[in-house]
Each structure stands twice: as structure tokens, then as C-alpha cells.
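This report refers to the structure that appears directly beneath it.
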Amino acid sequence: RRNAPRTLTCHTIDRKAFDMDLGITGKKALITGGDSGIGWETARMLLAEGAIVVLSDKDQSSLDEAAAKLDAPDGALFAYAADVTDTADLAELHRKTSAAVGTIDILVQSAGVTGAQGLFHEIDDEGWTSTIDIDLHGPVRLVREFLPDLRTGGWGRLIFLASEDAVQPYDDELPYCAAKAGILALAKGLSRSYAREGLLVNAVSPAFIHTPMTDAMMEKRSTELGTSFDEAITSFLDEERPYMELKRRGEPAEVAAVIAFLCSEHASFVNGANYRVDSGSVATI
């Protein structure tokens, strides 16, 4: 079976197929990492379900472009730049968000980077520090800033973007793996602290999704191997991700659909969970 011929195809997602009655009309959501990929698709789905969305990312111009592509009614979408490594930025984001929509009900933490890559002996302190500062300490800062909102009103949803790497680490990106493992521990710990107040906390762990981050990874790989971009993807799947049985990159909408579910009334008994969206990439159960 594993030696059967494989064809690399571009998987097209019917976005309407993911539309569902989430029961979140009028709920206010903040989504970080929202200028592209999973964050953007999550915003699209929540807007389609009647939520009010605040989109955030580091660069205001790219954020504005991303917001302009969303089909949002007047007064349903706001876009404010902020850097999750800067507490002053996050405080200002909170001020702007409060002024625009009031207290948020949903927080989706999607901002992150691949960070320092290479074998362990090739990565210095700066590589470790910068990666963990963005991918672990950034979410900590964000949640600390907005937790008072989420504890208000007896209903809340907090979703972290983790990764397959959190439970199946790879030797060439250990800072990222360690940070994402920390995210799972953070999500689980928070889920025990605040569930009885109505705040449900969960994580979603994608693997090799069609985003600008994996585009950059595959561009680098194709250059290093002297192959085409598509050949780089094929060899990466065969050599580095052999358990991804669908043999393609996932689409952001396929991850966003799971996030949207966890934001919904339908997930009212889901707390402290980690949902893998990985084509089977994680080899264990």
C-alpha cells in the first residue's frame, strides 16, 4: 500500500460545506495570526455564523488587505495590529477591542512562527529564546491580557493553535516543538482553572497545512534540493511525514472548521482537549 503510485494534487475546499449553525450569533471573537492561513479562515467561518470578529496580526497593512477580502457586514469586523511579544501592544489591542466591541467571548490564538531550525547543536540561545518568546510566551501574554474578558458572563471559548510537533517532535525544529508542547500543557492547565466559570479551553494541532509558513519551508527545501516546489512537497511527505496518509498538505479551512466547532455551542462538553488535524501524521493514538 505504501508503495502505491501517488499523485500530488491541489485539494480544493468547498467552504460552504463547512457552514453550520454554531449558535454564536452576536458573540465577539478575537483572532490573532489573522492576516492569512488558519486565522483568516477561522475569521471567515465565525463571521458567516454571525459572530463579531476582531482580527489581529503584526502588520497593519497586510491585516487591512486580509480584512478587505472577508465578506463581513458593517460593524462585524475590525482589524488591529499587535505584536504578541510586546505587552504594551497587547494592552493597546485590548483597549481598541474594548472600544470597538466591548468584552470578547472567544479568543483564538493562532499567531506563531517556525522559528530557529537545525539540529540541536546548531541552534544557539537566541534561536531558542526568540522562538519560545513568540510561540509560547506570546500566547501567555495574550491570554493574561484578555482573560478578564473571557471570565466575564459565564460563557467563553479559548482555542490555542498547537501542532503535531507538540507530541511528535522533529529533530530539526526542537525550539518550535518544545514551545508547542508547552502550549498543550498551558491549555490543559487553564482548562482546569476556569471551566466551572463557563470558560472552555482547548487546543488544535495541525500538521503541514497550506499556509505561508509551509510555503516558505517548501521554497527553502526546493532550493536546497534543486527540485521544483511540488517535488519538494512530495519528497517532504515521503521522507519526513510518512504517516500523513492523504499525501497532501491540509487546507486552512480544514483546520478552521475544527476551531469553529470548538468555539460553538456544540462543543459545550469539550474542555482540555487537543484535536489533531493531521492526516494521520502523529503515529500514536
Side-chain angles (χ1 to χ4, degrees), residues 1-2 4 6-15 17-18 31 33 36-42 45 108-115 117 131 135-136 139 158-188 191 201-218 221 230 232-264 267 270-285:
R1 177 182 171 209
R2 294 193 181 280
R6 297 165 185 157
T7 302
L8 182 67
T9 60
C10 179
H11 191 75
T12 302
I13 300 300
D14 179 3
R15 289 172 172 171
F18 289 101
I31 302 172
S36 64
I38 296 168
W40 188 91
E41 281 289 350
T42 300
M45 291 187 184
V108 179
Q109 158 52 34
S110 180
V113 297
T114 304
Q117 292 183 291
T131 305
D135 288 342
L136 178 57
L158 171 55
I159 315 298
F160 290 97
L161 261 292
S163 170
E164 59 155 338
D165 296 46
V167 295
Q168 183 168 269
Y170 297 98
D171 64 353
D172 59 348
E173 48 188 23
L174 285 177
Y176 179 80
C177 300
K180 292 302 185 178
I183 287 294
L184 292 188
L186 176 63
K188 188 63 176 180
S191 75
V201 184
N202 294 286
V204 175
S205 291
F208 200 40
I209 306 301
H210 184 182
T211 64
M213 186 166 74
T214 62
D215 279 348
M217 289 170 58
M218 292 302 102
R221 182 179 179 87
D230 284 352
I233 293 175
T234 300
S235 66
F236 181 80
L237 287 166
D238 287 341
E239 298 168 15
E240 306 293 339
R241 300 295 187 272
Y243 298 110
M244 290 188 68
E245 300 296 348
L246 299 181
K247 294 302 171 187
R248 63 172 174 83
R249 285 195 291 180
E251 293 299 326
E254 294 174 299
V255 184
V258 177
I259 297 171
F261 162 72
L262 291 172
C263 291
S264 77
V270 182
N271 186 51
N274 174 37
Y275 276 61
R276 297 173 183 168
V277 188
D278 66 2
S279 179
S281 184
V282 175
T284 69
I285 59 170

Inset, instruction - For Thr131, check side-chain hydrogen bond (donor to acceptor under 3.5 Å, both in side chains) against everything at least two apart and list the hits. - result: none

Legend entry - Test side-chain contact (heavy atoms from CB on, under 4.5 Å) applied to Thr42 - qualifying residues, sequence neighbours left out: Ile31, Ile38, Leu46, Val108, Ala256, Ile259

Inset, instruction - List for me each residue that meets side-chain contact (heavy atoms from CB on, under 4.5 Å) alongside Gln168, sequence neighbours excluded, and say none if there are none. - result: Glu164, Tyr170, Ser281, Val282, Ala283

Inset, instruction - Starting at CD of Glu251, measure out to OG1 of Thr211 and round the result to the nearest 0.5 Å. - result: 10.0 Å

Inset, instruction - Applying salt bridge (charged side-chain N to carboxylate O under 4.0 Å, His left out), name anything that partners Asp215, two or more places apart in sequence or on another chain. - result: Arg249

Inset, instruction - Could you pull out all residues at least two apart from Asn274 that satisfy side-chain hydrogen bond (donor to acceptor under 3.5 Å, both in side chains)? - result: Ser205

Inset, instruction - Would you give the length of the straight line joining atom CZ of Arg248 to atom CD1 of Ile209, rounded to the nearest 0.5 angstrom? - result: 8.5 Å

Inset, instruction - Calculate, to the nearest 0.5 Å, the distance between atoms NZ and CG belonging to Lys180 and Leu161 respectively. - result: 6.0 Å

Legend entry - Contacts of type side-chain contact (heavy atoms from CB on, under 4.5 Å), residue Ala273, not counting sequence neighbours: Asn202, Val270, Tyr275

Inset, instruction - Keeping the roles fixed (side chain from Asn271, backbone from Ser191), state whether a donor-acceptor pair exists under 3.5 Å. - result: yes

Legend entry - Contacts of Leu174 that satisfy side-chain contact (heavy atoms from CB on, under 4.5 Å) - sequence neighbours left out: Phe120, Trp128, Pro169

Inset, instruction - Working to the nearest 0.5 Å, report the span between NZ of Lys247 and CG of Leu237. - result: 6.0 Å

Legend entry - Heavy-atom donor-acceptor pair, Asp135 side chain to Thr114 backbone, under 3.5 Å: no

Inset, instruction - Go through the structure and list residues passing ring-ring contact (aromatic ring centres under 6.0 Å, His included) with Phe236, not counting sequence neighbours. - result: Phe208

Inset, instruction - For residues Ser110 and Gly39, report the shortest heavy-atom separation together with the two atoms involved. - result: OG-N, 3.7 Å

Legend entry - Nearest-0.5 Å distance, CD of residue Glu41 to CD of residue Glu254: 10.0 Å

Legend entry - salt bridge (Lys or Arg N to Asp or Glu O under 4.0 Å) contacts in which one or both residues fall within residues 272-285, not counting sequence neighbours: none

Legend entry - Any side-chain donor near an acceptor of the partner, Arg221 and Ser235, under 3.5 Å: yes

Legend entry - side chain to side chain contact (heavy atoms under 4.5 Å, CB included) assessment of Val201 paired with Phe160: CA-CA 8 Å; Val201 184; Phe160 290 97; 3.8 Å; yes

Legend entry - Heavy-atom pair with the smallest gap, counting every atom of Gln109 and Pro139: NE2-CG, 3.5 Å

Inset, instruction - Return the minimal non-hydrogen interatomic distance between Leu262 and Ala203, and the atom names on each side. - result: CD1-O, 4.4 Å

